[in-house]
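First listed ligand is number 1; within each ligand, the first listed atom is number 1. Everything numeric in this text was worked out from a predicted model, so none of it was measured.
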Amino acid sequence: MHELLELCAARGFSGLEWAGGLPGTVGGAIRGNAGAFGGEMKDSVVDVISTDISGSSPMITKRGARACAFGYRDSIFKNAAKGEVILSATFSLVRAAPETVAKAIAEKIAWRAARQPLDYPNVGSIFKNVAWATVPDAVRNNEELARHVKTDPFPVLPAALLIDRVGMKGVSFGGAMVSQKHPNFIVNACDADASHVRKLIDLVRHEVHAKFGVTLEEEVESVSELPGTPRRRTI
Ligand SMILES: Cc1cc2nc3c(=O)[nH]c(=O)nc-3n(C[C@H](O)[C@H](O)[C@H](O)COP(=O)(O)OP(=O)(O)OC[C@H]3O[C@@H](n4cnc5c(N)ncnc54)[C@H](O)[C@@H]3O)c2cc1C
């Protein structure tokens, strides 16, 4: 993604600036319909070419954006087309002054650096934000929480807010710690392994459910839980 954004800035292509500072590959971002700052991959993807390598004769498939079934951090590549590897994609972008595109990307990178614990190893947001339409009445009627509802990519209550309100900021298990800077991040503060992170994730989810009746859904995917993958320390 970083290289793609550099290319956009150099050539003056606008549309993906929201992804400034988004780590990872284009394929990974399409699979998870990555998004930030009101933008998502689905907004610019025209089509995606992928291959299914599970069979004896690999099939190449080209899908338009609609057929990719993009949703909130979701796409067909997480579901019906789970075994497919994304090979390439076409994006629809608009012409803009290169310096304008570069400035917008730099602003997003600076925003992340100021608010996310990028000085520690981490895997990004642990939980998805919570769809406001699904929260229990007690949460909906809580004026203080309601003030923090964001409309990105639809009305959601930030998971970080709920984690903060149950006092989990700075709580650690083993070497893993709920970030003080951004409580929806768990950082490797001191030689953490995946089991420390898993314990903290479970604890956070338990505390939030106990206080608010909201079940946080993980945005991260634990590699050891994927079918056919040997257990290993991953996070
Ligand atoms: C500091 C930080 C900030 C982050 N901020 C955001 C954010 O703002 N918004 C957001 O949406 N995400 C965010 N993330 C999460 C992460 O950037 C995205 O999930 C990213 O798009 C994943 O891409 P990746 O290449 O790293 O995939 P990986 O983590 O390597 O893989 C994720 C999954 O995608 C699959 N995959 C990877 N490449 C392909 C491919 N070519 N074809 C098919 N499947 C593939 C992998 O098999 C795996 O199942 C953040 C992460 C960090 C660490």
Side-chain angles (χ1 to χ4, degrees), residues 1-5 16-45 47-54 58-63 68-91 104-105 107-129 150 152-154 156 158-160 176-179 181-189 192 194 197 201 217-230 232 234-235:
M1 286 302 296
H2 178 70
E3 284 173 45
L4 175 60
L5 291 184
L16 290 171
E17 295 91 323
W18 60 266
L22 180 83
T25 62
V26 173
I30 290 175
R31 178 182 181 272
N33 186 26
F37 304 105
E40 287 183 311
M41 293 302 281
K42 73 166 173 43
D43 303 335
S44 304
V45 167
D47 56 49
V48 178
I49 295 179
S50 59
T51 183
D52 186 345
I53 54 170
S54 58
M59 293 271 295
I60 301 283
T61 306
K62 182 175 182 175
R63 290 184 180 84
C68 291
F70 289 116
Y72 179 42
R73 305 294 174 267
D74 199 24
S75 76
I76 195 169
F77 303 102
K78 279 188 163 183
N79 301 296
K82 202 170 189 163
E84 297 182 24
V85 176
I86 296 161
L87 302 175
S88 69
T90 308
F91 294 91
I105 294 170
E107 282 169 4
K108 307 295 181 290
I109 294 172
W111 190 97
R112 286 176 184 273
R115 291 170 179 79
Q116 298 180 348
L118 305 182
D119 39 349
Y120 288 96
N122 70 82
V123 291
S125 296
I126 296 290
F127 297 104
K128 293 181 181 179
N129 291 329
K150 305 194 301 181
D152 177 16
F154 48 82
V156 288
M177 184 175 78
V178 178
S179 167
K181 196 170 178 182
H182 191 315
N184 197 20
F185 280 59
I186 290 178
V187 297
N188 183 349
V197 178
I201 289 176
E217 189 188 339
E218 283 169 45
E219 180 166 327
V220 294
E221 201 169 342
S222 180
V223 175
S224 61
E225 288 165 11
L226 293 177
T229 311
R232 58 177 181 161
T234 50
I235 298 182

Quiz item: At a 4.0 Å threshold, what atoms of ligand 1 neighbour a non-hydrogen atom of Ala34?
Solution: 10 (C), 11 (O), 21 (O)
Quiz prompt | Gly35 touching ligand 1 at heavy-atom level, < 4.0 angstrom | solution = yes
Practice problem: Under 4.0 Å from a heavy atom of Leu118: give me the atoms of ligand 1 that qualify, with their elements. | Solution: 1 (C)
Quiz item: To which of Met41, Arg31, His182 does the heavy atom nearest atom 33 (C) of ligand 1 belong?
Solution: Arg31
Self-check item: ligand 1-proximal atoms of Met1, by part, heavy-atom distance under 4.0 Å
Solution: neither
Practice problem: Taking the side chain as every heavy atom from C-beta outward, state whether Val45 and Phe91 have any pair of such atoms under 4.5 Å apart. | Solution: yes
Quiz prompt | Pairwise side-chain contact, Tyr120 with Ser179, heavy-atom cut-off 4.5 Å (strictly under) | solution = no
Quiz item: Does any non-hydrogen side-chain atom of Asn33 lie less than 4.5 Å from one of Asp74?
Solution: no
Self-check item: Proximity of Leu22 to ligand 1 by residue part, where a heavy atom lies under 4.0 Å
Solution: side chain
Quiz item: Given that the side chain starts at C-beta and the backbone is N, CA, C, O, which of these parts of Val123 lies under 4.0 Å from ligand 1, counting heavy atoms, or is it both or neither?
Solution: backbone
Quiz item: Looking only at N/O atoms, are Ser125 and ligand 1 under 3.5 Å apart anywhere?
Solution: no
Self-check item: Atom indices of ligand 1, in the order listed, that fall short of 4.0 Å to a heavy atom of Ala29
Solution: 21 (O), 23 (O)
Quiz item: Which atoms of ligand 1 have any heavy atom of Glu84 under 4.0 Å away?
Solution: 43 (C)
Self-check item: Check: Thr25 N/O within less than 3.5 Å of ligand 1 N/O
Solution: yes
Quiz item: What distance separates Ile186 CD1 from Ile126 CD1, expressed to the nearest 0.5 Å?
Solution: 4.0 Å
Quiz item: Backbone or side chain, does any N or O of Val85 fall under 3.5 Å from an N or O of ligand 1?
Solution: no
Quiz prompt | Heavy-atom side-chain contact between Val197 and Val123 under 4.5 Å | solution = no
Quiz prompt | Arg73 CZ to Met41 CE distance, which is reported to the nearest 0.5 Å | solution = 11.0 Å
Practice problem: Check Pro23 against ligand 1 and report side chain, backbone, both or neither, counting heavy atoms closer than 4.0 Å. | Solution: both
Self-check item: For Ala36, atoms of ligand 1 separated by under 4.0 Å from a heavy atom
Solution: 8 (O)
Exercise. Provide the number and element of each atom of ligand 1 under 4.0 Å from a heavy atom of Asn122.
Key: 1 (C), 53 (C)
Exercise. Look only at the side chain of Asp47 and the backbone of Arg63, and say whether a donor-acceptor pair between them is shorter than 3.5 Å.
Key: no
Self-check item: For Gly28, atoms of ligand 1 separated by under 4.0 Å from a heavy atom
Solution: 21 (O), 23 (O), 25 (O), 27 (O), 37 (C), 38 (N), 39 (C)
Quiz item: Out of curiosity, is Lys78 lining ligand 1, as in a heavy atom under 4.0 Å away?
Solution: no
Practice problem: Determine yes or no for a side-chain-to-main-chain donor-acceptor pair under 3.5 angstrom, with Thr51 supplying the side chain and Ile53 the backbone. | Solution: no
Quiz item: Any side-chain heavy atom of Tyr72 sitting closer than 4.5 Å to one from Lys128?
Solution: yes
Quiz prompt | Closest candidate by heavy atom, reference atom 5 (N) of ligand 1, pool Lys128, Arg112, Gln116 | solution = Arg112
Self-check item: Atom pair NZ/CH2 of Lys108 and Trp18 - distance to nearest 0.5 Å
Solution: 11.0 Å
Practice problem: Identify the two heavy atoms, one from Leu5 and one from Leu16, that lie closest to each other, and give their separation to 0.1 Å. | Solution: CD2-O, 3.3 Å
